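Some notes on the structure that comes next.
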Amino acid sequence: MIDTLRLTAEEAAGMLEGREVTAAELHATYRSAIDQHDPELHAFLTTVDEVEGEGVPIAFKDLISTRGTETTAGSKILADYKPVFDATVATRCKQAGLPLLGKTNMDEFAMGSSTENSGYGPTRNPWDPERVPGGSSGGSTAAVAAGLAPWALGSDTGGSIKQPAALCGVVGLRPTYGTVSRYGIVAFASSLDQIGPIAKTVRDCALLYRIVSGRDPCDSTTVDLREPVELPESEDLSGLRIGVPTELNEAEGIEPGVGEQVGRALELARELGAEVEECSLPRSVDFGLACYYLIAPSEASSNLARYDGVRYGYRAEGGGDIRQLYARTRDEGFGDEPKRRIMLGTYALSAGYYEAFYGQAQKVRTLIKQEHDALFERFDLLASPTSPTVAFRLGERTQNPLAMYLSDVLTIPSNMAGLPGISIPCGLSAGLPVGLQLIGPQFAENALFRAGHALERALGFDFVPERLK
């Protein structure tokens, strides 16, 4: 019997290579686990029975276009929408022989930090079903944590891979902006959105990143990787210089248990040979959140204008002219959070306010990038908690948008700078996972994999949720 709770993607690939199991049998085992456990967690919106490929099965966040399979971006306005093409990352997974298990739940249009904003109901955390899995890639992280998928793809705009990975006790990589194609991805904020892998181990993340990364002629913002993706093996951090930004590690709202586990991980890094030293990112932390919540909603207000009830997706019933059709369709199809961000973004882009808000935010974004670049002249990587807190209870922050937005306060600054970051589980606080965030300069994924792998082995974190053992 295959134990999907403990099976890593690399181990599954080894079983396939050794002919211990067929791809169809492996796919069927995961589909059985989904049928058994997903009614409680609601990690999946759509499942796939057909096995296309001879490799390790995978789950996709439901904003990755898949030909003939419903793709909703977690929104009622895209209910029953079936793309006629595959996203580039979907094509590359198919070419690598990875059969699709299904599409995972998410905050509507990736707008949220808890997966409670889905138009199809919230996802629950496998460690405690009364708590959120994080977001917006909560469905993908919950699926991996619960053994419903060996690995998955999510998307990260302000922290939507790293933060839920931390809350669900798995590994999540937000790659360097431009190293993974966005072609065929339902857009939220185009200058920030980035597809990335979610898995049980750092090596699994590296394997999946190797498959999906690289330049794409269909996406002019993509670039070639500067070096091949390496699978990490070393458990030594000798010579690695890790900066610990005071503002990220002592920010208001960081729970004592979170700070304690991250501090323990940094001590282990020292024992493994790394040089660990405090540093500072004052402007990035002071202005990062405000900057993000001007730029991201502004881009969202432009991207979401395409949903009008005419070309695809939901269309409101009733008479009236074309403007009334647009208004009713958007009113009935969009949830509260997309409406909030569209209105904020439209205001920030409006005549008379563009330069004062959006234009100013872009200038601040440049300063954030420069501040990070200056630190990387002294350090190889930066380290902090991924999330200020462990997973919070369902409904705890739904009536307080600002409290929800603060969930990403530690991940947003590096994302604004287009930098890669990885979250690895580093311990438990009150019985719930804590994530360690490692940030690197552009194209530093291999360094992140090496450091993450060494720490992962030294920490010895058991990624199986306590209640499922």
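This one's a predicted model, so the numbers in the text were calculated from it and none came from an experiment. What's counted below: heavy atoms across the whole structure, side chains too, no hydrogens, waters or symmetry copies.
- Side-chain atoms of Thr66 and Lys103 include a donor-acceptor pair closer than 3.5 Å.
- Applying the side chain to side chain contact (heavy atoms under 4.5 Å, CB included) criterion to Glu130, with sequence neighbours excluded, gives Arg124, Asp128, Arg393.
- Counting only heavy atoms from C-beta outward, the side chains of Leu78 and Thr71 never approach each other to under 4.5 Å.
- One finds no salt bridge joining Arg340 and Asp336 here, because no Lys/Arg side-chain nitrogen approaches an Asp/Glu carboxylate oxygen to under 4.0 Å.
- Contact of the Leu281 side chain with the Pro413 side chain is not registered, since no non-hydrogen atoms from C-beta on lie closer than 4.5 Å.
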- Query: Step by step, would you call Arg365 with Ile295 a side-chain contact (heavy atoms from CB on, under 4.5 Å)?
  - Reply: CA-CA 9 Å; Arg365 185 179 190 177; Ile295 291 174; 3.8 Å; yes

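- Side-chain atoms of Glu108 and Ser75 include a donor-acceptor pair closer than 3.5 Å.
- The salt bridge (charged side-chain N to carboxylate O under 4.0 Å, His left out) check on Arg226 picks up nothing, with sequence neighbours excluded.
- Residues passing the salt bridge (charged side-chain N to carboxylate O under 4.0 Å, His left out) test with Lys76, sequence neighbours excluded: none.
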- Please lay out, stage by stage, how Asp236 and Ser234 fare under the test side-chain hydrogen bond (donor to acceptor under 3.5 Å, both in side chains). CA-CA 5 Å; Asp236 185 346; Ser234 175; 5.5 Å; no

- Kindly indicate, with the supporting measurements, whether the criterion side-chain hydrogen bond (donor to acceptor under 3.5 Å, both in side chains) is fulfilled by Asp62 and Thr46. CA-CA 9 Å; Asp62 198 33; Thr46 305; 5.2 Å; no

- Task: Test side-chain hydrogen bond (donor to acceptor under 3.5 Å, both in side chains) on Ser140 and Thr104 and set out the steps.
- Result: CA-CA 6 Å; Ser140 288; Thr104 57; 2.8 Å; yes

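- Judged by distance alone, the side chains of Glu247 and Ser280 do bring a donor and an acceptor atom under 3.5 Å apart.
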- Would you please test Val171 and Glu456 for side-chain contact (heavy atoms from CB on, under 4.5 Å) and show each step? CA-CA 10 Å; Val171 180; Glu456 177 182 72; 3.8 Å; yes

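- The shortest heavy-atom contact between Thr386 and Lys162 is CG2-O, 3.3 Å.
- Ile161 CD1 to Ser136 OG: the interatomic distance, rounded to the nearest 0.5 Å, is 8.5 Å.
- Glu252 CD: 12 or fewer foreign heavy atoms inside a 6.0 Å radius.
- Looking at Pro388 and Val409, their side chains come closer than 4.5 Å, going by heavy atoms from C-beta outward.
- Interatomic distance, Arg397 CZ to Ser407 OG, rounded to the nearest 0.5 Å: 4.0 Å.
- A heavy-atom distance below 4.5 Å is not found between the side chains of Tyr358 and Leu294.
- Here the closest non-hydrogen pair linking Ser137 and Ser155 is OG-O, 3.0 Å.
- The residues Glu230 and Arg450 are annotated as salt-bridged, a charged nitrogen and a carboxylate oxygen being separated by less than 4.0 angstrom.
- You'll find the side chain of Tyr30 stays beyond 4.5 Å of the side chain of Ile2, heavy atoms only.
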- Task: Decide side-chain contact (heavy atoms from CB on, under 4.5 Å) for Asp193 and Ile185; before the verdict, give the C-alpha distance in whole Å, the side-chain angles of both, and the deciding distance to 0.1 Å.
- Result: CA-CA 9 Å; Asp193 296 344; Ile185 306 304; 5.6 Å; no

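- The salt bridge (charged side-chain N to carboxylate O under 4.0 Å, His left out) test applied to Asp462 returns Arg6, Lys469, not counting sequence neighbours.
- Contact detail for Cys279 and Phe379: the closest heavy-atom pair is CB-CE1, 3.7 Å.
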- Query: Under the side-chain contact (heavy atoms from CB on, under 4.5 Å) criterion, do Trp151 and Leu98 qualify, and how do the steps go?
  - Reply: CA-CA 10 Å; Trp151 52 13; Leu98 309 187; 3.9 Å; yes

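- With sequence neighbours excluded, the residues forming a side chain to side chain contact (heavy atoms under 4.5 Å, CB included) with Leu231 are Arg203, Ala206, Leu207, Arg210, listed by chain and number.
- Under a 4.0 Å N-O distance rule, the pair Arg264/Glu260 does not qualify as a salt bridge.
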- Item | Derivation and outcome, side-chain hydrogen bond (donor to acceptor under 3.5 Å, both in side chains), residues Thr398 and Glu116 | CA-CA 8 Å; Thr398 52; Glu116 292 172 287; 5.1 Å; no

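- In this structure, the separation between OG1 on Thr157 and OH on Tyr292 is 5.0 Å, given to the nearest 0.5 Å.
- In this structure, Thr141 and Leu167 have side chains that are not in contact, with every pair of non-hydrogen atoms separated by 4.5 Å or more.
- Looking only at distances, no side-chain donor or acceptor of Ser114 sits under 3.5 Å from a matching main-chain atom of Gly134.
- Judged by distance alone, with hydrogens and angles left aside, the side-chain atoms of Asn446 form a donor-acceptor pair with the main-chain N or O of Pro228 at under 3.5 Å.
- Interatomic distance, CZ of Arg31 versus CG of Leu148, reported as 11.0 Å (0.5 Å rounding).
- Contact check for Leu208 versus Asp204: no side-chain heavy atoms found under the 4.5 Å cut-off.
- By the salt bridge (charged side-chain N to carboxylate O under 4.0 Å, His left out) test, Glu299 is found to be paired with no residue, residues two or more places apart in sequence or in another chain being considered.
- Asn105 and His42 get closest at one heavy-atom pair: ND2-CD2, 3.4 Å.
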